[in-house]
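A short worksheet on the structure shown next.
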Protein chains: 2
Amino acid sequence: MQVISESCAMSRKKRRSGCPISFALELFGDRWTLLVVRDLVFMGKRRFSEFSASSEGVATNVLSDRLRRLVEAGVIESLGDPDDGRRVLYHLTPAGVALIPTLVELANWGALHDPDTAAPAEFVRRFARDRAGLIEDLAAKHRRD
Amino acid sequence: MQVISESCAMSRKKRRSGCPISFALELFGDRWTLLVVRDLVFMGKRRFSEFSASSEGVATNVLSDRLRRLVEAGVIESLGDPDDGRRVLYHLTPAGVALIPTLVELANWGALHDPDTAAPAEFVRRFARDRAGLIEDLAAKHRRD
DNA sequence: GGACTGGGTTGCAATATGCAAGTGATTAGT
DNA sequence: ACTAATCACTTGCATATTGCAACCCAGTCC
């Protein structure tokens with residue numbers, strides 16, 4: 001069912017157009033994929049059951065599909081936990097880390113335009129005063145090279 | 001079928017969580033919505049038939065649904081064209097203009113991570129050297145206040 | 001070895017999407 | 001003024017994607 005060896009991270013599929021936004025939307029254009037990345041970036045989550053416990057309530061079949069697609073796209077990687085053979089740990093690749101600015105912009109937009117947002121005021125304040133520092137701090141936590 | 005008077009732009013619907021990213025995804029989390037915004041922002045398109053002609057080939061029923069949702073969310077507005085009673089002109093609201101940084105980040109990510117991107121090199125270069133100026137130039141074209 | 005946990009898969013109903021054709025209000029052509 | 005186009009949709013229907021609940025199996029705990 002799944003092609004094992006696809007040496008190139010971003011595999012060639014039928015693309016709707018060469019537009020970079022369309023390209024990004026083919027991967028992130030659904031209600032769940034970016035929430036997984038959010039959990040990794042902002043919540044420090046690493047495991048299936050942690051993503052599954054997020055308050056939006058993703059179905060486990062959808063979650064496993066999205067994790068697989070993110071791995072195929074080269075945005076995240078999975079590793080068996082050496083301390084517990086049942087567990088799988090997911091983490092961001094450099095391509096995933098490069099997504100942080102987009103996620104931060106989207107979060108800021110949402111915080112500013114949702115009248116009932118639960119976004120911490122500190123996030124919005126820090127974004128306004130020191131966007132670059134905010135992004136760098138988040139990225140630093142996820143860099144491994 | 002459609003509620004006519006909903007005075008508040010961002011109408012209260014069942015929300016999955018208070019998370020600003022989840023909020024944004026409830027509106028933009030699909031393969032087509034942001035493409036409409038892209039056409040407005042980068043291509044200067046304003047009309048149904050122009051969006052419909054985009055190379056990704058959105059179905060007309062989906063397009064009209066997405067335009068309606070964007071209007072309901074207060075991201076775009078529609079106006080009859082005074083020069084031609086058949087035509088409807090769409091344009092960004094301030095909330096739509098505020099989305100430009102997110103779109104620019106997403107486009108940059110896509111351009112850098114799609115090996116077959118058709119994104120103009122000039123866009124990537126300008127983004128790297130003068131992100132703020134690039135965003136300001138785009139925003140200036142769409143501001144009306 | 002028996003129960004439990006973690007990370008999934010499977011089957012099926014509900015929902016959303018894609019496609020082709022149609023509609024109704026305007027406008028352009030003669 | 002009549003006819004043919006154009007524009008912005010809507011409708012109907014086949015297909016694809018989601019949501020939900022139940023199930024599965026390898027690895028751990030006791």
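In what follows, chains are A, B, ... by sequence order, proteins preceding strands, each numbered from 1.
Distances shorter than 4.0 Å separate some side-chain N or O of B:R68 from OP1 or OP2 on D:dT10. Close to C:dA16, at under 4.0 Å from its OP1 or OP2, lies no side-chain N or O of B:R66.
To the nearest 0.5 Å, the span separating CG on A:D114 from CD on B:E26 amounts to 8.5 Å.
Across D:dC7, D:dT10, C:dG6, the shortest atom-to-atom separation from the side chain of B:R47 is found for D:dC7. Nearest nucleotide to the side chain of B:A59, out of C:dG18, D:dT18, D:dG27: C:dG18. Counting only heavy atoms from C-beta on, B:V88 has its side chain closest to D:dA8 among D:dA8, C:dT9, D:dT18. Closest to the side chain of B:S49, out of D:dA8, D:dC20, D:dG27, is D:dA8. Across D:dA8, D:dT10, C:dC19, the shortest atom-to-atom separation from the side chain of B:R87 is found for D:dA8.
In this structure, A:R16 is positioned above the aromatic face of B:W32, its NZ or CZ under 6.0 Å from the six-membered ring centre and within 45° of the axis.
For the pair B:D81 CG and C:dT26 C1', the computed distance is 12 Å after rounding to whole Å. One atom, CD of B:E50, and another, P of D:dT6, lie 16 Å apart when rounded to the nearest Å. Straight-line distance from the CG atom of B:D65 to the C1' atom of C:dT17: 10 Å, rounded to whole Å. Rounded to an integer number of Å, the gap from CG of A:L63 to C1' of D:dT17 is 16 Å. A straight line from CG of A:N61 to P of C:dC12 spans 14 Å, rounded to a whole angstrom. Remark: C1' of D:dT6 and CZ of B:F48 are 13 Å apart, rounded to the nearest angstrom. Rounded to an integer number of Å, the gap from CG of B:D83 to P of C:dT26 is 16 Å. Atom CD1 of B:I76 and atom C1' of D:dA8 are 14 Å apart (whole Å).
Put simply, the side chain of A:T60 and the base of C:dT9 share a donor and an acceptor less than 3.5 Å apart. Looking at B:R86, its side chain comes within 3.5 Å of the base of D:dT6 through a donor and an acceptor atom.
At a threshold of 4.5 Å between non-hydrogen side-chain atoms, the residues A:L106 and B:F23 do not count as touching.
No contact: A:R31 has no heavy atom under 4.0 Å from any strand. Residue-level contact check: B:F51 touches neither bases nor backbone, having no heavy atom under 4.0 Å from any strand.
In terms of position along DNA chain D, the nucleotide closest to B:Y90 lies nearer the 5' end than the nucleotide closest to the other residue of the pair A:D30 and B:Y90.
B:E77 and B:T93 share no donor-acceptor pair across their side chains, judged by distance under 3.5 Å alone.
Exactly one of B:K141, B:R126, B:R143 qualifies for a salt bridge (Lys or Arg N to Asp or Glu O under 4.0 Å) with B:E136. That residue is B:R143.
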